[in-house]
Amino acid sequence: MKQNQNGREEIPQTIEEHIDLMTRRYLETGNVFKCITARIGFFPYAQYFRKVLLDQDWDRLNSFIYQENCFRSLCSLMCGDSYYWAFLDMLDALAVGNMKTLDLLVPHKTERVTHIFPVYRPATDMLIGLWRKDDSILDYAVSRAKKFVSGKRPQWERAAVAYLLAIYDKNPEEAGVQLEHLCKGVMRTDFDADTDKVLFVPAHGLYQLAACLWDKELFQQLLMPNHKIFSKEYAIWRNTQKVHPELFAKYPEPMINHRLTNPEIEMLEKN
């Protein structure tokens, strides 16, 4: 891979500017989280996402999404008193193999959260029960999830929860149907046209959840969606490689890289 005059891998100017900005802020504050609160997320993500996807370099794409997930997850971990708002961050972490952060984000018990986007409550409850393998939580979550699915929320929300119910039931046929519905539903929402409606990463996270929880034979029965915002090629790569995600663009200050990929350090300092 070509490198620029600073020895860094060739990356777009907007990302170079982001790296320089983050470095200056870190030298001023000495704290990674304080560097990014003004611009939540990997700033040039939307501008460059489509090109990374079209290059079909799946390792590079995975690293690109991983870096964005590190930023957003750190903000979720450091802000507020509940991680229920971070449901999509949890799915993105699953998608790219950011398992350390996923385990920090997924609560160990259900919470009585209010004033939250409606789908996040039943979906997160189901994810807690499934990921933590806690039957007592699932006993609570399943009935509420079924009630949500039978309601009148938008298609993508009901499909996300129905998919989690299918994971619980170990029903690959139903899971495949709901994953397809999810993708179709996303196109009728206000999700970002430059990222989510090009590749819906949370759908890949849900797909990877089945890969994590089901045995290989059952997982192979799960059909991937035939939809433009789900990449079958990326999904195949993800499940045929030993994925160890790395940052797409590293920073000259090693501590920035270390804390983005080990957010528990920032959490300890906060506490």
Side-chain angles (χ1 to χ4, degrees), residues 72-73 76 80-95 98-99 101-191 196 200-215 218-219 221-225 227 229-230 235:
R72 291 192 177 278
S73 296
S76 295
D81 56 1
S82 175
Y83 298 155
Y84 271 59
W85 280 103
F87 175 67
L88 294 181
D89 296 332
M90 298 175 199
L91 296 187
D92 287 355
L94 271 164
N98 190 5
M99 310 313 273
T101 295
L102 174 69
D103 205 50
L104 292 172
L105 285 171
V106 177
H108 286 267
K109 59 182 181 180
T110 58
E111 302 170 9
R112 291 186 177 276
V113 290
T114 57
H115 305 295
I116 195 168
F117 193 61
V119 70
Y120 291 167
R121 186 183 295 107
T124 304
D125 286 345
M126 284 296 301
L127 186 57
I128 294 169
L130 290 166
W131 190 251
R132 301 298 180 193
K133 296 180 171 59
D134 190 324
D135 290 337
S136 64
I137 290 177
L138 287 169
D139 289 342
Y140 166 87
V142 167
S143 60
R144 287 159 178 77
K146 289 179 178 178
K147 182 178 179 180
F148 182 86
V149 168
S150 65
K152 297 182 179 180
R153 292 299 301 174
Q155 183 184 36
W156 82 267
E157 296 181 36
R158 288 182 286 110
V161 177
Y163 178 90
L164 292 167
L165 286 168
I167 293 290
Y168 170 74
D169 291 331
K170 296 184 178 180
N171 185 338
E173 182 178 357
E174 177 65 12
V177 168
Q178 295 303 330
L179 206 54
E180 184 94 25
H181 288 334
L182 173 75
C183 293
K184 291 178 180 177
V186 164
M187 299 304 293
R188 294 193 288 270
T189 67
D190 59 356
F191 276 107
D196 298 309
F200 194 55
V201 177
H204 281 267
L206 290 170
Y207 185 74
Q208 288 308 127
L209 180 64
C212 291
L213 298 181
W214 287 352
D215 60 46
L218 189 64
F219 177 63
Q221 296 176 45
L222 173 57
L223 295 180
M224 290 183 275
H227 200 281
I229 63 172
F230 189 95

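It should be emphasised that the depicted structure is a prediction, and the values quoted were computed from it without experimental measurement.
Scanning for salt bridge (Lys or Arg N to Asp or Glu O under 4.0 Å) contacts around Glu180 gives an empty result, with sequence neighbours left out. Listed by chain and number, the residues in a side chain to side chain donor-acceptor pair (under 3.5 Å) with Thr101 are Asn98 (sequence neighbours excluded). Every residue meeting the side chain to side chain donor-acceptor pair (under 3.5 Å) condition with Glu174, not counting sequence neighbours, appears here in chain and number order: Gln178. With sequence neighbours left out, Phe230 forms a ring-ring contact (aromatic ring centres under 6.0 Å, His included) with His204, Tyr207. A search for side chain to side chain contact (heavy atoms under 4.5 Å, CB included) contacts involving Asp169 returns Asn171, not counting sequence neighbours. Ala175 is linked by a side chain to side chain contact (heavy atoms under 4.5 Å, CB included) to Tyr163, Ala166, Trp214, Leu222, counting only residues two or more places apart in sequence or in another chain. With sequence neighbours excluded, no residue forms a side chain to side chain contact (heavy atoms under 4.5 Å, CB included) with Asp190. Residues passing the side chain to side chain contact (heavy atoms under 4.5 Å, CB included) test with Asp89, sequence neighbours excluded: Asn69, Arg72, Ser73, Ser76, Ala86, Leu105.
To the nearest 0.5 Å, atom CD of residue Gln155 and atom NE2 of residue His181 are 6.0 Å apart.
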Indicate every side-chain donor-acceptor pair of residues 108-121 with a distance under 3.5 Å to a residue at least two apart or in another chain.
| unit_1 | atom_1 | unit_2 | atom_2 | d |
| --- | --- | --- | --- | --- |
| Glu111 | OE1 | Ser82 | OG | 2.9 |
| Arg121 | NE | Val113 | O | 3.3 |
| Arg121 | NH2 | Val113 | O | 2.9 |

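Residues Tyr83 and Leu104 have side chains not in contact (no heavy-atom distance under 4.5 Å, counting atoms from C-beta outward). In this structure the side chain of Glu157 reaches within 4.5 angstrom of the side chain of Phe148, judged on heavy atoms. Using a 4.5 Å heavy-atom threshold, the side chains of Ile167 and Leu130 count as touching. Side chains of His227 and Met187 form a contact here, defined as non-hydrogen atoms less than 4.5 Å apart.
Here salt bridge (Lys or Arg N to Asp or Glu O under 4.0 Å) pairs that include residues 124-150, with residues two or more places apart or in two chains, are Asp103-Arg132.
The main-chain N or O of Arg153 is found under 3.5 Å from a side-chain atom of Arg158 such that the two form a donor-acceptor pair.
For the pair Ala145 and Met126, the tightest heavy-atom approach, listed with the atom from each and the gap, is CB-CG, 3.8 Å. The two residues Leu94 and Cys212 make their nearest non-hydrogen contact at CD2-SG, 4.2 Å. The two residues Trp156 and Val186 come nearest to each other via the heavy atoms CB-N, 3.8 Å.
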